Amino acid sequence: MEKKVWYVTGASKGLGLSLVKQLIAEGHQVAATSRHLESLEAALDGAPADQFLPLEVDLCDEASVEGSLLTTWEVFGRIDVVVNNAGYGIGGALEELPLEEIRENFEVNLFAPIVVIKKVMPYLRARRSGHIINIS
């Protein structure tokens, strides 16, 4: 099996963390993103440096996303697969939730994956290949 370069958002816990661990175990190179670098590095302590690139990224900030993709390209030389995994749920009665909290949820769960896709497309087009997986 050909080893690929993966870019995974929301990688410090849950499904993202499990995916990153499995990919590294299979020998792939992984650029893993989180809002907090320390939690990401702690969760993947001991991952080989030539396979694991931890990135602190604010997915609601286009420049942060763009910078992380450029770093991934510079370190690994390509990007083969993007996994938009970051997201979170909010609970409660709709009329009781502050509108700002709802807007922030949409920023992370809807608009951030769109930004990642928009920013990664030049890299995928340059290679004329790639996959994007959106988890919702």
Side-chain angles (χ1 to χ4, degrees):
M1 172 175 70
E2 179 189 351
K3 305 302 180 193
K4 300 208 178 277
V5 175
W6 293 67
Y7 178 93
V8 180
T9 68
S12 64
K13 58 186 173 182
L15 183 61
L17 177 59
S18 295
L19 176 61
V20 169
K21 286 181 177 179
Q22 183 65 39
L23 292 169
I24 290 171
E26 291 177 5
H28 298 282
Q29 293 175 306
V30 181
T33 79
S34 176
R35 289 174 294 165
H36 307 289
L37 193 59
E38 314 81 47
S39 60
L40 182 59
E41 290 174 330
L44 289 147
D45 187 38
D50 63 334
Q51 285 182 262
F52 174 57
L53 175 62
L55 298 165
E56 185 170 89
V57 179
D58 177 355
L59 294 174
C60 296
D61 177 351
E62 288 188 44
S64 182
V65 171
E66 193 168 23
S68 69
L69 289 164
L70 178 59
T71 300
T72 302
W73 186 268
E74 289 173 344
V75 170
F76 291 137
R78 66 183 207 268
I79 300 170
D80 299 306
V81 184
V82 173
V83 180
N84 277 311
N85 170 69
Y88 69 97
I90 52 176
L94 184 61
E95 68 273 12
E96 295 175 1
L97 293 171
L99 190 55
E100 187 56 38
E101 187 175 350
I102 295 168
R103 287 184 197 281
E104 185 176 318
N105 187 263
F106 271 74
E107 282 294 326
V108 172
N109 293 341
L110 176 64
F111 295 113
I114 292 169
V115 168
V116 171
I117 292 167
K118 285 179 66 148
K119 298 296 182 182
V120 79
M121 286 308 298
Y123 297 103
L124 300 182
R125 282 199 177 104
R127 296 199 64 234
R128 301 182 58 109
S129 70
H131 299 280
I132 298 170
I133 301 166
N134 294 313
I135 299 173
S136 64

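Model, not experiment: these values are computed from the prediction.
The hydrophobic clustering, which links ILVMFWY residues whose side-chain heavy atoms are closer than 4.5 Å, places I135 and L40 together. V5 and L23 are members of different hydrophobic clusters when ILVMFWY side chains are connected at heavy-atom separations under 4.5 Å. V82 and L53 fall within the same hydrophobic cluster, defined by Ile, Leu, Val, Met, Phe, Trp and Tyr side-chain heavy atoms under 4.5 Å apart, directly or through other members. Connection of L55 to F52 is not established within any shared hydrophobic cluster, with ILVMFWY side chains joined at heavy-atom distances below 4.5 Å, either directly or through further cluster members. Hydrophobic clustering (ILVMFWY, side-chain heavy atoms < 4.5 Å, transitive): I79 and V75 are in one cluster.
T9 places none of its side-chain heavy atoms less than 4.5 Å from the side chain of V57. L70 has its side chain within reach of E74: a pair of non-hydrogen atoms, C-beta onward, lies under 4.5 Å apart. Taking the side chain as every heavy atom from C-beta outward, N109 and S136 never approach each other to under 4.5 Å. Considering only heavy atoms from C-beta on, L94 comes within 4.5 Å of I102 through its side chain. Side-chain contact between N85 and L19: absent, with no pair of heavy atoms (C-beta onward) separated by less than 4.5 Å. At least one side-chain heavy atom of R127 sits under 4.5 Å from a side-chain heavy atom of D80.
With hydrogens and angles disregarded, a donor-acceptor distance shorter than 3.5 Å links the side chain of S39 to the backbone of H36.
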Original post:
Should L59 and V115 be marked as a side-chain contact (heavy atoms from CB on, under 4.5 Å) after you check the CA-CA gap, both sets of side-chain angles, and the distance that decides it?
Top reply: CA-CA 8 Å; L59 294 174; V115 168; over 6 Å; no

**OP:** Check the pair V108 / C60 against side-chain contact (heavy atoms from CB on, under 4.5 Å), numbers first and verdict last.
**Re:** CA-CA 6 Å; V108 172; C60 296; 3.7 Å; yes

**OP:** Evaluate the criterion side-chain contact (heavy atoms from CB on, under 4.5 Å) for residue pair L44 and L17; output intermediate values, then yes/no.
**Re:** CA-CA 8 Å; L44 289 147; L17 177 59; 3.8 Å; yes

Subject >> Derivation of the side-chain contact (heavy atoms from CB on, under 4.5 Å) call for V116 and I132 >> reply: CA-CA 10 Å; V116 171; I132 298 170; over 6 Å; no

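The heavy-atom pair separating I24 from A47 by the smallest distance is CD1-CB, 4.0 Å. Of all non-hydrogen atoms in R78 and K3, the two that sit nearest each other are NH2-O, 2.7 Å. Taking every heavy atom of both residues into account, D50 and Q29 meet most closely at O-NE2, 3.0 Å. Closest approach of E56 to R35, counting heavy atoms only: CG-O, 3.3 Å.
For the atom pair I133 CD1 and W6 CH2, the distance stands at 4.5 Å (nearest 0.5 Å).
Counting heavy atoms of neighbouring residues, nucleotides and ligands inside a 6.0 Å radius, atom CD of E104 does not exceed 12 of them.
Every residue meeting the side-chain contact (heavy atoms from CB on, under 4.5 Å) condition with A93, not counting sequence neighbours, appears here in chain and number order: E95, E96. Residues passing the salt bridge (Lys or Arg N to Asp or Glu O under 4.0 Å) test with E62 are K119, sequence neighbours excluded.
Annotation: ring-ring contact (aromatic ring centres under 6.0 Å, His included) contacts involving residues 76-134, sequence neighbours excluded, comprise W73-Y123.
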